[in-house]
Structure formats: C-alpha cells, structure tokens
Trainee: 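Encoded as structure tokens, here's the structure I'll be asking about.
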Amino acid sequence: MLNLSIPEHIEPLRGKVLKFVEEKVYPQEKIMLEDDPVTRRKAMRGLMDEAKAQGLWALGHPEEIGGGGLPFMDYVFVNEVVGRSPLATVALGTHSLQDSIMLHRYASPEWRDKYLKPLVAGEVFPSFGMTEPDVASSDPTQLQTRAELVGDEWVINGRKWFTSGAATAAYTTVMCRTETGCPDHAAFSQIVVPTDTKGYNIVRDVAVMGEYEGHYEVKYDNVRVPKANLLGPRGQGFKIAQDRLGPGRIFHCMRWLGQAQRAFDLMCKRANSRVAFGKTLGEHQQIQKFIFDSAAEIQASRLLTLHAAQKIDQGDEARVEIGLIKVYGAHMLHNVIDRAIQVHGAKGVTEDTPLERMYRHARFARIYDGADEVHVQRTAQRILKFYGNGGSFDFGLR
Ligand SMILES: Cc1cc2nc3c(=O)[nH]c(=O)nc-3n(C[C@H](O)[C@H](O)[C@H](O)COP(=O)(O)OP(=O)(O)OC[C@H]3O[C@@H](n4cnc5c(N)ncnc54)[C@H](O)[C@@H]3O)c2cc1C
C-alpha cells in the first residue's frame, strides 16, 4: 500500500538535514555566485566539513563503501529536503551516489581501491561523458566515440560535450563504442578515464543560458588507459547506464519537489505581503489560481514520485512510473518556479531571490537525463504493449 507520510523514525534526521540546508547552505548561495573559484571551493569545503561533523554526510551511500547506509525509502524522504538548495547535494555528499554505486558494482578491484573511498569522502569528484555534439545523443546508438583494445590498453578517440564537472573531476566515465558486428545496444561500453590522461583535452566550458556552470566539451585524442578501466563486461555500457539512472531519477524528482516547495513558500509569502490595487496579491483571483495550480501539481508530482519509489523499493524496475515522473516532475518544477517569479515581478528575475537561478535549472531538467519527448515515447510504447496481448494497463493494479 502506498504510504505517503514521512516515516516517524526518519523525521528527526530529515529535520536535521533541513535545518542544515536552511541555516548553513542558504547563506552560502550568494558566495557561490562569485567568479573566484578559490572562494567558491573554500565555501563548499567549509559546508562539507560541517556536514561531516554533524553526521549528515553521504547518508544514502551504502555503509560498506563509507556512507550512512540509509535504506532507500528513508533516503527518498531525506532527498526531498536536500533538494531545497542546488548546493546541498555536494555539501551533503549525495552528488556522487550514482557514480560510486557504478564503481562499487562494476569497477575492477584496482579502480575501486583508487577512486571509491575518496569519491564517497568527497575528496575527488566524478564526471560522466555520454553526450556528443555531433549526433542526437537521445539515440545513443549513434554515439561516435570509439575505444579500441590495443594490447593491454584501450585507445579512445572522439568528442563529447556536457561532461558536467570535467574540469574539477578526477575521472570521466566515458561511453564508447567498443564492439562491431553485433546489435547496437550491445556495442557500447563504459571506460574510466582519469582526467589527467594524455590526450584528454578540455576544449571549452560551454556557457548555458548566459552562465558558465561547468558543462565541458572534451576531445579524446588517442587517450590510452589500462584494459582494467572497463566497467563491467564489454558491450554492457547501456545496461550499466540504466542501473545508474533508474533510482537516480527518483532522487532527482524528490529534489525537484524540494526546489518546488521552496519556490512555493516564497510565492505564498510574497502573495500575502505585497499589496497592489488596495489588496494583497494573494487576494487577487489570478494569483490564487497560481497558488492552486502549483499546489495541485506539487502534490500530484509527489504522489507519482513516491509511488514510483515504492515500486523500485519492492524490486520492480518501474519503467513506466519513472518515465511519468521524469516528465511530469520537470514540468511541475518549471511551472511552479515560473509562477513564483511572476508573483515577485522584477525582483523575481534578480539575484535578490534564488528564483532566477532555480528557473534556469528547471529548464535544464526537461533535457538532461533524457529529453521529455524520449520519455514520453518510451513510456507510451510500454503502456501500449500491455494492450498488445489483449490486456490493459490497469492503474488499480500498478
Ligand atoms: C545542464 C545539463 C547537464 C548535462 N550533463 C550531462 C553530463 O554530465 N553528461 C552527459 O553525458 N550529458 C549531459 N547532459 C546532456 C543531456 O543528457 C543531453 O542533452 C540529452 O540526453 C539530449 O541529447 P542531445 O542534447 O544530443 O539532444 P538531441 O538528441 O539532439 O535531441 C534534441 C531534441 O530532439 C527531440 N527528440 C529527440 N528524440 C526524440 C523522440 N524520440 N521523439 C520526439 N522528439 C525527440 C527532443 O525535443 C530533444 O530535446 C546535460 C545536459 C544539460 C542541459
């Protein structure tokens, strides 16, 4: 049965994380807008140390790799409050969860030893290189980066972009075509490439909607790495990527709900305090409609996400449900922040509120981890399959 309330035993921890985000992280958000990377890094290190001191670090990582070992559903609820600030994922050590699980499950013992502990401890950062500028990467069977096994080394050539965090990462996990003469979906593998390897060339930091946020274009010129840098078996790159993305999307969606809650709070406070034409904004019907639509969308998105999370927790891949929340959640986030900006008028697009930054990120959410249209297509195809054999997609039984 779908249980929507925060379990009692997790409330104190969730409250502690929320307090940390509100009291420690929010005040640093302005500093993180500074151009000086040294100031930014120092501020972030301070937050990370504080999170560790308070016992809030890497709560969702498995215990055996140095994390807090929170069960999946408990962590889902904690993630909702982590999401209130985009800085909090790094400050609380949750940013590396998907990458560390990939290494834990699929890396050779040598690479596990080299990266896993430092990764979970926040001493090194990961990055992931899949998307390429020259092909529609929504259809990743088209990716052109190739890796060839020459003796005991992989030799990699190609070009990627939107490798987020590449310049500060210790390594990039690169999706490459390694196989020929087999179906495309079995032709790609993931290979770990330390970013200081010869031939790993950062071409540029790609500005996104007017900001440099660390999404890099990277050229691979005869990059050579040991054979043991392959993750899992050859040709399993897409399967491993799927393992990474499924539960990861639940965490994304819960964090989006945290962002939406923050925007909603700001919108309601503004609606109650600002006066126009003799009454508060909240007394105007059009603004009431903003509040109503936002409340309905947040609640719907929350129910969808918790439902998907519970299915995953019960061992179901929940592909349909994850498709629904990725698309619906990203739109919800975009809509709620958009309305909150509108209620703030000109102030909403300044850096005096966090809304303009949140808005840009919400726009990205409809593209990263798979564009809306791809999820719509796959989800609809999966639903239609139920009807193919004379069956139906019975919501009551999901
Ligand atoms: C902020 C941000 C961070 C990112 N970080 C990373 C990262 O760290 N590593 C990484 O590898 N990538 C990253 N990405 C890239 C992201 O994963 C890709 O942009 C995404 O997968 C889409 O690929 P594409 O850009 O090549 O778009 P394309 O595949 O060219 O698609 C363009 C558009 O075509 C349409 N389209 C595509 N397929 C269909 C379809 N089946 N039906 C109808 N319409 C369709 C959609 O409207 C889509 O938006 C990031 C992107 C952003 C914005």
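Only this structure's heavy atoms are used, side chains among them; waters, hydrogens and symmetry mates stay out. Numbers here simply count residues along the sequence, with the first being 1. One-based numbering, in listed order, for ligands and for the atoms of each.
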Trainee: Is it the case that the side chains of Asn201 and Asp221 hold a donor-acceptor pair, with the cut-off being a distance below 3.5 Å and no angle test?
Mentor: yes
Trainee: Within a distance under 4.0 Å of any heavy atom of Phe128, pick out the atoms of ligand 1 and give their elements.
Mentor: 7 (C), 8 (O), 9 (N), 10 (C), 11 (O)
Trainee: One residue to check: Lys160. Relative to ligand 1, which of side chain, backbone, both or neither has a non-hydrogen atom less than 4.0 Å away?
Mentor: neither
Trainee: Nearest protein heavy-atom contact for atom 40 (C) of ligand 1: which residue, which atom, what distance?
Mentor: Gln377 OE1, 4.1 Å
Trainee: Do Gln314 and Gln310 meet the criterion of a side-chain donor-acceptor pair at a distance under 3.5 Å?
Mentor: no
Trainee: To check you understand the geometry: which heavy-atom pair defines the closest contact between Ala107 and Arg112, and what is its length?
Mentor: O-NH1, 3.2 Å
Trainee: For Ile367, take its heavy atoms, then give the atoms of ligand 1 lying under 4.0 Å from any of them.
Mentor: 19 (O), 20 (C)
Trainee: Counting only N and O atoms by type, is there a donor-acceptor contact under 3.5 Å from the side chain of Lys30 to the main-chain atoms of Asp352?
Mentor: no
Trainee: Does any N or O atom in Thr163 lie less than 3.5 angstrom from one in ligand 1, N or O only?
Mentor: no
Trainee: Looking at Phe364, which atoms of ligand 1 are within less than 4.0 Å of one of its heavy atoms?
Mentor: 1 (C)
Trainee: Looking at Tyr368, I'd like to know if its OH atom is crowded, meaning that more than 12 non-hydrogen atoms belonging to other residues, nucleotides or ligands lie closer than 6.0 Å.
Mentor: yes
Trainee: Return yes if a side-chain donor-acceptor contact under 3.5 Å exists between Arg146 and Asn157, otherwise no.
Mentor: no
Trainee: Heavy-atom pairs closer than 4.0 Å: do any link ligand 1 to the side chain of Val376, the backbone, both, or neither?
Mentor: neither
Trainee: Out of Ala169, Ser137, Ala371, whose heavy atom is nearest to atom 26 (O) of ligand 1?
Mentor: Ser137
